[in-house]
**Student:** 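Provided herewith is a single structure, encoded as structure tokens, for subsequent inquiry.
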Amino acid sequence: MLVAGGAGFVGSHLCETLLRQGHRVICLDSFLTGSMENVQALCNFREFRLIRQDVVEPLRLSEQVQQIYNLASPASPPQYQADPVHTMMTNVVGTQNLLALAEAHGARFLQASTSEVYGDPEIHPQPEDYRGNVSCTGSRACYDEGKRAAETLCFDYRRRDRADVRVARIFNTYGPHMRPDDGRIVSNLLVQALQGVPLTIYGTGAQTRSFCYVTDLVAGLMALMAVDEAPEGAINLGNPGEFTIAELADLVQRLVPSAAGVVHRPLPEDDPRRRRPDISRAKRLLGWEPRVPLSEGLPQTAAWFARHLGRTLPAPLRATRAIQSVRA
């Protein structure tokens, strides 16, 4: 198994799960946003191989691969906007390089796309046949349009029978191994709370997101890769539970008593107002749906950040009780 972006947040969890199932795993990562800390323990596995390389560069492997997971891209606005041209090239040239490798090896290929292809959606929740409301010139376009172009490449390869391709559109995911400076809303709020500084809410906080715990997402990716016949189109993977950002901030404040209130900042350009996946296709074709509610995943993520930052959290039971009434 080749996991591009395997030292990243989701990729490292995927590598570990594949290894524990007995597979040989090649982790390919440039470490632009990935972390050696995420895969350090995996280097103890005899069946794990780490290659430091950017997917934009031509790929040559002497080993035969059977499956390729492409998770190689910065995934949060601060990360993908830091070098927008490289972000676009990672998603276009990098995906082309990996597709060519899949064709040469006769390997199954799974593209990690994103809910960002829907932009600021005019349909709610978002089904896979919705074509999106995306700005092709805005500050988020390097990622949004990069992922849309990558999907185009994938389905062109498939239509010409050049590769067995599957495409997952990933909605907001959270859990251990997120970087403290990741820039996504869950990591931002938890780190600020643990540091005792005000939580930053952009806009009014009425915008919504759906939060999928990382182990659920990994299970969905593997189910999509494993299904014998590739689905005709993309598959949404995410948790359909919908929360406002203000609700999430309230949960974080109850979970981390050191939190110091909230501060409001202007809403970023092209920030989606609502985001929630329609996962009926994943349920029907993959037999998959998320199992970990936010009330369970958020305390586990907070505990991981607390250890990472050297902070103290309340006892796990107390922390869980603090948000036990929240909807799944």
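These values consider heavy atoms only, across backbone and side chains, with no hydrogens, waters or symmetry-generated copies. As the structure is a prediction and not an experimental result, all values here were calculated from the model.
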**Student:** Could you tell me if the side chain of Val25 sits less than 4.5 Å from the side chain of Leu14, heavy atoms only?
**Tutor:**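 Not in contact.
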
**Student:** Please determine whether the number of non-hydrogen atoms from other residues, nucleotides or ligands lying under 6.0 Å from atom CZ of Arg159 exceeds 12.
**Tutor:**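 It does: Arg159 CZ has more than 12 such atoms within range.
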
**Student:** Apply the side-chain contact (heavy atoms from CB on, under 4.5 Å) test between Ile170 and each candidate in Thr114, Ile235, Leu217; give the one that qualifies.
**Tutor:**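 Between Ile170 and the candidates, side-chain contact (heavy atoms from CB on, under 4.5 Å) is satisfied uniquely by Leu217.
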
**Student:** Do Gln96 and Tyr157 have side-chain atoms, one donor and one acceptor, less than 3.5 Å apart?
**Tutor:**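 Yes.
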
**Student:** Please examine the side chains of Pro277 and Pro125, heavy atoms only from C-beta on, and report whether any two atoms are closer than 4.5 Å.
**Tutor:**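 No, side chains not in contact.
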
**Student:** Is there a donor in the side chain of Asn91 and an acceptor in the side chain of Tyr80, or the other way round, less than 3.5 Å apart?
**Tutor:**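 Tyr80 and Asn91 do not have a side-chain donor-acceptor pair below 3.5 Å.
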
**Student:** If Ile, Leu, Val, Met, Phe, Trp and Tyr residues are connected whenever their side-chain heavy atoms lie under 4.5 Å apart, and connections chain through other members, are Phe9 and Leu18 in the same group?
**Tutor:**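 Result: yes, single cluster for both.
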
**Student:** More than 12 heavy atoms of other residues, nucleotides or ligands under 6.0 Å from CD of Glu47: yes or no?
**Tutor:**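 Enclosed.
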
**Student:** Do any N or O atoms from the side chain of Ser35 and from the backbone of Glu37 form a donor-acceptor pair under 3.5 angstrom?
**Tutor:**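 Yes.
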
**Student:** Ser210 and Glu242: side-chain donor and acceptor closer than 3.5 Å?
**Tutor:**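 Per modelled atom types, Ser210 and Glu242 side chains form no pair under 3.5 Å.
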
**Student:** Is atom CD of Glu269 surrounded by more than 12 heavy atoms (other residues, nucleotides or ligands) closer than 6.0 Å?
**Tutor:**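 Correct, the count exceeds 12.
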
**Student:** At what distance, to the nearest 0.5 angstrom, does CZ of Arg166 lie from CG of Leu286?
**Tutor:**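 Output value for this atom pair is 9.5 Å.
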
**Student:** Backbone N or O of Val165 within a donor-acceptor pair of the Arg108 side chain at under 3.5 Å?
**Tutor:**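 A pair under 3.5 Å: no.
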
**Student:** Give me each pair satisfying salt bridge (charged side-chain N to carboxylate O under 4.0 Å, His left out) with a member in residues 63-88, each pair once, sequence neighbours excluded.
**Tutor:**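 As it turns out, the salt bridge (charged side-chain N to carboxylate O under 4.0 Å, His left out) pairs with a partner in residues 63-88, which skip direct neighbours, are Arg24-Glu63, Arg49-Glu63.
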
**Student:** For the pair Gln66 (side chain) and Ala107 (backbone), establish whether a donor and an acceptor sit closer than 3.5 Å, ignoring hydrogens and angles.
**Tutor:**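 Such a contact is absent between Gln66 side chain and Ala107 backbone.
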
**Student:** Roughly how far, to the nearest 0.5 Å, is the CD atom of Gln81 from the SG atom of Cys142?
**Tutor:**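 Here the rounded value is 6.0 Å.
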
**Student:** Against Phe31, only a single residue in Leu50, Asp54, Asn38 fulfils side-chain contact (heavy atoms from CB on, under 4.5 Å); can you say which?
**Tutor:**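 Of Leu50, Asp54, Asn38, side-chain contact (heavy atoms from CB on, under 4.5 Å) with Phe31 is met by Leu50 alone.
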
**Student:** Does one hydrophobic cluster hold both Leu313 and Leu309, with members joined at side-chain heavy-atom distances below 4.5 Å?
**Tutor:**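 In one cluster: yes.
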
**Student:** Tell me, do Thr17 and Met222 make a side-chain contact under 4.5 Å, heavy atoms counted?
**Tutor:**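 A side-chain contact under 4.5 Å exists here.
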
**Student:** Please tell me whether Tyr118 and Arg169 have a donor and an acceptor in their side chains that are separated by less than 3.5 angstrom.
**Tutor:**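 Yes, side-chain donor-acceptor contact under 3.5 Å.
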
**Student:** Dump the intermediate steps for salt bridge (Lys or Arg N to Asp or Glu O under 4.0 Å) on Asp271 and Arg140, then the final yes or no.
**Tutor:** CA-CA 9 Å; Asp271 193 64; Arg140 303 168 71 103; 3.6 Å; yes

**Student:** Closer than 3.5 angstrom, by distance alone: can the side chain of Gln53 be matched with the main-chain N or O of Pro58 as a donor-acceptor pair?
**Tutor:**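 Yes, the answer is positive, given that a donor and an acceptor are paired below the 3.5 Å cut-off.
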
**Student:** For Ser115 and Asn236, test the side chains for any donor-to-acceptor distance below 3.5 angstrom and give the result as yes or no.
**Tutor:**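 Absent: no donor and acceptor within the cut-off.
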
**Student:** Answer yes if Leu267 and Ile245 sit in the same cluster of Ile, Leu, Val, Met, Phe, Trp and Tyr residues linked by side chain heavy atoms under 4.5 Å apart, and no otherwise.
**Tutor:**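 Result: no, two separate clusters.
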
**Student:** Got Val167 and Phe155 here, is their nearest side-chain heavy-atom distance under 4.5 Å?
**Tutor:**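 Val167 reaches Phe155 side chain to side chain.
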
**Student:** Yes or no on salt bridge (Lys or Arg N to Asp or Glu O under 4.0 Å) for Glu232 and Arg158, after CA distance, side-chain angles and deciding distance?
**Tutor:** CA-CA 10 Å; Glu232 288 296 323; Arg158 174 172 172 161; 3.5 Å; yes

**Student:** Would you say that Leu98 contacts Phe109 through its side chain, given a criterion of any heavy-atom pair below 4.5 Å between the two side chains?
**Tutor:**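 Yes, their side chains come closer than 4.5 Å.
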
**Student:** Return the set of residues passing salt bridge (charged side-chain N to carboxylate O under 4.0 Å, His left out) with Arg162 (not counting sequence neighbours), or none when no residue passes.
**Tutor:**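 For Arg162 the salt bridge (charged side-chain N to carboxylate O under 4.0 Å, His left out) partners, ignoring immediate neighbours, are Glu103.
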
**Student:** In the structure I gave you, are the side-chain heavy atoms of Leu294 and Tyr174 within less than 4.5 Å of one another anywhere?
**Tutor:**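 Sidechains of Tyr174 and Leu294: in contact.
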
**Student:** State whether the side chain of His13 and the backbone N or O of Pro176 hold a donor-acceptor pair below 3.5 Å, judged by distance alone.
**Tutor:**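 Side chain of His13 to backbone of Pro176: a pair is present.
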
**Student:** Indicate whether any N or O donor in one side chain lies under 3.5 Å from an N or O acceptor in the other, for Thr200 and Gln192.
**Tutor:**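 Yes, side-chain donor-acceptor contact under 3.5 Å.
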
**Student:** Does Asp216 offer a backbone N or O that forms a donor-acceptor pair with the side chain of Trp288 under 3.5 Å?
**Tutor:**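 Yes.
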
**Student:** Can you get from Leu224 to Val3 by hopping between Ile, Leu, Val, Met, Phe, Trp and Tyr side chains that sit under 4.5 Å apart?
**Tutor:**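 Yes, Leu224 connects to Val3 through the hydrophobic network.
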
**Student:** So does Arg160 pair up with Asp156, basic N to acidic O under 4.0 Å?
**Tutor:**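 Looking at Asp156 together with Arg160, the answer is no, because their closest N to O distance does not fall below 4.0 Å.
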
**Student:** Between the side chains of Tyr213 and Gln300, does any donor sit under 3.5 Å from an acceptor?
**Tutor:**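 The criterion, which ignores hydrogens and geometry beyond distance, is satisfied for Gln300 and Tyr213.
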
**Student:** Scan Leu61, Leu59, Asp29, Leu2 and name whichever one has a side-chain contact (heavy atoms from CB on, under 4.5 Å) with Ile51.
**Tutor:**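 Between Ile51 and the candidates, side-chain contact (heavy atoms from CB on, under 4.5 Å) is satisfied uniquely by Leu61.
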
**Student:** Run the side chain to side chain contact (heavy atoms under 4.5 Å, CB included) test on Thr204 and His264 for me, step by step, so that the C-alpha distance in whole Å, both residues' side-chain angles and the decisive distance to 0.1 Å come before the verdict.
**Tutor:** CA-CA 7 Å; Thr204 65; His264 289 265; 5.5 Å; no

**Student:** Give a yes or no on whether a salt bridge exists between Glu151 and Arg148, defined as a side-chain N under 4.0 angstrom from a carboxylate O.
**Tutor:**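 So Glu151 does not pair with Arg148 through a salt bridge.
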
